Every structure is written in C-alpha cells, then in structure tokens.
Number of protein chains: 2
Amino acid sequence: MITRTVPDIVVGRLPRYLQALEHMYREGIKTTSSQELGEAIGISAAQIRKDLSQFGEFGKQGTGYSVAFLVEQLQSILKLTRIWDLALVGMGDLGNALARYQGFAEHGFRITAAFDNDPEKIGKEVAGLIIQDSREMKRIIPSLGIKIAMLTVPASVAQMVAEELVDAGIRAILNYAPISLNLPDDIHVENIDPIIKLQHMTYYLD
Amino acid sequence: MITRTVPDIVVGRLPRYLQALEHMYREGIKTTSSQELGEAIGISAAQIRKDLSQFGEFGKQGTGYSVAFLVEQLQSILKLTRIWDLALVGMGDLGNALARYQGFAEHGFRITAAFDNDPEKIGKEVAGLIIQDSREMKRIIPSLGIKIAMLTVPASVAQMVAEELVDAGIRAILNYAPISLNLPDDIHVENIDPIIKLQHMTYYLD
DNA sequence: CATTTTTTGTGCGTATTTTCACAGAAAAAA
DNA sequence: TTTTTTCTGTGAAAATACGCACAAAAAATG
C-alpha cells in the first residue's frame, strides 16, 4: 500500500532506521530483519514494519530486508540522493565546531556559506569557508540556491535573523538558539537545545 | 488533580514551557494565559492546560497564570531547584564548544569534570576545566557524585564509553555521537544529532 | 518432495494523545 | 450591584499511534 500523507512522527523515525542500516552496511551485514533492526535502536519490530509499509514493500518473507536496498530506498524517500547545500549563520564556538564537523559531508550535506555580523570574524576562514557579512545573506543565499540553514546565533537575535533567512528563501532551519522561533507554517524548523534535553532528563533523576 | 505516572511526552514539553516563561519573566511580563503561551511556542492552549493539570492547579480563572509562580512550579517539577553536576566526555571541537557555553551555568548545570583519552589533551585547560584521563572516570565521577554526562566522543567508541559511564554511576546521558546507544532501561538517554534532524527536514523539501 | 522455520505486510483491537466544549470562578465593565 | 468578559480545569469525544497476531511467502531442513 502506498502513501496518503505520512504522519510526521513516522518520517521522524526514518533517519534513525537509516542510521542503523548504514552502520550495518559498513559492518558488512547484507541482510536484516525488523526484529534485529528494532533491537538495535529500541523500537518494536511491528512498528518498523508498519512505518516502512507506508512507503512500499521492501522486505521478503522468510528473509527480511536487504540492507543495501533498504538504505537506498530510505535515502530516496528522504530525498538524500542529492547534495544539500547548507548556510551556517553565527560563527561562535558552536558555529565553528559545526563548520569543522565531517559528518555533514559524509551524509550529503555541504556547508556552502557561513555568515556572521562581527567585523572581526568577517573575512576569516574556517574549515575552508570564508565567513561572510550576514547583511549579504539576502543576496548570497538565493544566488547559491540554498534552502536549509543552521542557526547558531545568540538567542537575542535569533528571531530576527531567522526572519531574514526566510526572506532570503530558506525553507528549513536547524535552530540551535535556545528560543522558539515564530515563522510561517511552511518553514520547517527543528530545534537542538541541550538545556531542554537535560531538563527533560532531570525529571527522572533524584 | 495530581500525579499518576505522567506520560513522557508531557514531561518533554515542560522544558519548552519553562523556556518561554523564563523569557517572559525577563521581559517583565507578570501574567500570561494558556492561549498566549501556546501562541509563543506553537502548542494549543488546551494542551498546555491539560499538561499542567497533571501536576496541580497553577492558574486562576479569568486571570491566567502568574509567570513567576509557574516558572517556580515547573522548576520544582523538573527538579531544577538544585545544581546538577555534569561530566563532559570527549574534548574535540564540540566538547570544547560545550565547555565554553554559558547556557549550562545559567540554567543550573555545572560542568564539573571533562575527560578525554588523548594524551595531547589531558592536563590542558578549557574554560577553567582541566581535561582528565578518561581512564579515571570510574574513580572521579562517583567521587563527585555526578549523575549526568554529555557524550561527545567519536561514534566508533561511543557505546564502549557509555558503558564505562554507566559503570561509573552515570544515570543520564546526553548523547551527541551519531549512533544509538544500547544501555540498561533505567539509564535515560537523549540524543542530539544534527544529521538526523536535517534528514527529517529534507523529506519535506523539493 | 514434504515439513518446519522464518519473517513480512496488514487488519483490527487497544492504548495513548489531542481537541472540544463547558461549568465555574475571577475580573472587568456597565 | 449586576452583567459581561476572560480564562481555567476537566470530562467526554475524536483522532492518532501502537501492538498483536496471523495468512502468506520464502527459505531451510529432513
């Protein structure tokens, strides 16, 4: 059975399946089952089968799933069969760490432009990127066709900068600033905030 | 009405309420409503009221919620009325950026120990912390009573290091390594992985 | 070749989560 | 004071998500 509108919660699990499957692939594992995959990531086998069935029939009864094939299918579903250009906005410690992180390139994400508003930083090079003036975002981002931004500016300016990014044609923002952004409904925002995660965990501690 | 076991999904929203309320508090806003709070963070008013009602009655009909009071209550619910010590394990670029991040201290989290296994790094100081040999974790972590760790080591060793942390008495791990950790059920793990988040968003882009 | 084992995809029931909508209480307005 | 407005807390309904359990298919075994 194929797609109606797939629930976002299902979409959100697909990258985790993909991560585990790519790990298996690197280990030389050719075939896996919903059972085995589930145990690897702590999700029930039934749920994995249900989730995948939203997109097609990828397994074989008695055998399970070809790891390589399922990796391909998930990459295709998640639109990962192309390079995605990223803008990195805010070159503090975190921005610098992200600029140097190899993981993006390894997964088809390329940081194509880096911005900051600090004259001290503009013009400097980090990991092969020249930091550009954030006043140039409106010009540069559309010219490079960039659709995704990572936002690592201080919370105090995050909303304003996010609006500038949307204005520049950005469609998805990975927000590292500890604030919730208020943006049009068609802009996809994902938040990464360690404080929020820590506070979630302290609830369960003594 | 007061607590049965509160669903984890509800607990996970509390830090977001708290974040928005603390922001209001800094802005000098004395009172808010479920409506206003919901608009600030993109959650329905009814959901916020339902969530809060799991823990008590914090609002007043006709008036709404006292911001200061609700901040206090949420801090109390989330066990944030004390300082939590953190261990930071893996002093690469990301570990260094986290060591320097002011946000932890501002929210009652104190990075009390930093570890790495690289002899080049051990003994160096970062943001007032001396990097210690990760072979010492088993001794140092219990002696400082640390219960929470942030894990910023390479994926290839993350599982092993996580097991060492559990062995050292760690009860909660904020995992930055791009791999799912397999640990006892009573250990709380939260993952922060930008690749997973980006792949979630690309699904919705062209 | 027949039997047993493995494992998928899915219909259906259950559980969880969200939203609706309203009584009741407080505040504001008249 | 009385009436109207605002806004909570919550029971009930609706919507979503999850998991069981099984037919069917493939592979393995005997």
Side-chain angles (χ1 to χ4, degrees), chain A residues 1-17 20-21 24 29-74 77 185 200 203, chain B residues 1-17 20-21 24 29-74 77 185 200 203:
Chain A
M1 194 32 42
I2 315 187
T3 52
R4 302 164 306 111
T5 316
V6 178
D8 184 62
I9 196 166
V10 173
V11 176
R13 279 190 293 260
L14 300 184
R16 299 180 53 201
Y17 301 162
L21 288 160
M24 287 176 182
I29 297 168
K30 301 293 184 200
T31 285
T32 189
S33 63
S34 56
Q35 175 87 42
E36 185 181 46
L37 180 56
E39 278 164 15
I41 58 184
I43 289 182
S44 80
Q47 175 136 82
I48 290 173
R49 294 201 300 277
K50 256 280 165 62
D51 285 354
L52 294 176
S53 77
Q54 298 265 343
F55 300 95
E57 308 197 354
F58 305 123
K60 229 193 261 182
Q61 282 137 324
T63 314
Y65 302 91
S66 153
V67 171
F69 178 72
L70 193 49
V71 163
E72 265 177 33
Q73 293 300 308
L74 286 170
I77 290 164
D185 285 348
H200 185 163
Y203 177 82
Chain B
M1 199 28 43
I2 317 184
T3 49
R4 306 164 301 114
T5 316
V6 177
D8 183 65
I9 195 163
V10 172
V11 176
R13 280 190 292 261
L14 301 183
R16 300 180 52 200
Y17 302 161
L21 288 161
M24 288 176 181
I29 297 168
K30 302 292 185 201
T31 286
T32 190
S33 63
S34 58
Q35 175 87 42
E36 186 181 46
L37 181 56
E39 278 165 13
I41 58 183
I43 288 184
S44 80
Q47 176 141 84
I48 291 172
R49 293 201 301 277
K50 252 285 155 67
D51 285 354
L52 294 177
S53 76
Q54 298 265 344
F55 300 95
E57 307 196 355
F58 305 122
K60 230 193 261 183
Q61 283 138 326
T63 313
Y65 302 90
S66 153
V67 172
F69 178 71
L70 193 48
V71 164
E72 265 178 32
Q73 293 300 308
L74 286 170
I77 291 163
D185 285 347
H200 186 164
Y203 177 82

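These numbers were taken from a predicted model, which means no experiment stands behind them. In what follows, chains carry the letters A, B, and so on, assigned in the order in which the sequence lines appear, proteins first and then strands, with residues in each chain numbered from 1.
Residue B:L52 contributes atom CG, which lies 7 Å from atom P of D:dG9 at whole-angstrom precision. The distance between atom OH of B:Y65 and atom P of D:dC7, rounded to the nearest whole Å, is 12 Å. For B:Q73 and D:dT8, the CD to P distance is 16 Å, given to the nearest whole Å. The separation between A:L70 atom CG and C:dT7 atom C1' is 14 Å, rounded to whole Å. As a whole-Å value, the separation of B:D8 CG from C:dT17 C1' is 13 Å. Spacing between atom CD of B:E36 and atom P of D:dC7 amounts to 9 Å, rounded to whole angstrom units. Remark: C1' of C:dG9 and CZ of A:F55 are 15 Å apart, rounded to the nearest angstrom.
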Base-contact (B) and sugar-phosphate-only (S) positions in nucleotides 24-30 of chain D, heavy-atom cut-off under 4.0 Å, - elsewhere: BBSS---

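A:E39 has its side chain within reach of A:Q35: a pair of non-hydrogen atoms, C-beta onward, lies under 4.5 Å apart. Between B:I43 and B:R16, the closest side-chain pair of non-hydrogen atoms falls below 4.5 Å.
One finds no side-chain N or O of B:R13 lying less than 4.0 angstrom from the OP1 or OP2 phosphate oxygen of C:dT17. Distances shown here put every side-chain N or O of B:S33 at or beyond 4.0 Å from the OP1 or OP2 atom of D:dC7.
Atom CD1 of A:I41 is separated from atom CG of A:L37 by 4.5 Å, given to the nearest 0.5 angstrom.
Listed in residue order, the members of residues 39-51 of chain B having a heavy atom less than 4.0 Å from DNA chain D are B:R49, B:K50.
Nucleic acid contact for A:I9: sugar-phosphate only, since backbone atoms but no base atoms lie under 4.0 Å from a heavy atom of the residue.
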Under 3.5 Å, which donor-acceptor pairs link side chains of residues 61-71 of chain A to any protein atom two or more places apart or in another chain?
| residue | atom | partner | partner atom | Å |
| --- | --- | --- | --- | --- |
| A:S66 | OG | A:F69 | N | 3.1 |

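The two atoms that bring A:Y203 and B:I77 nearest to each other are CD1-O, 3.4 Å, heavy atoms only.
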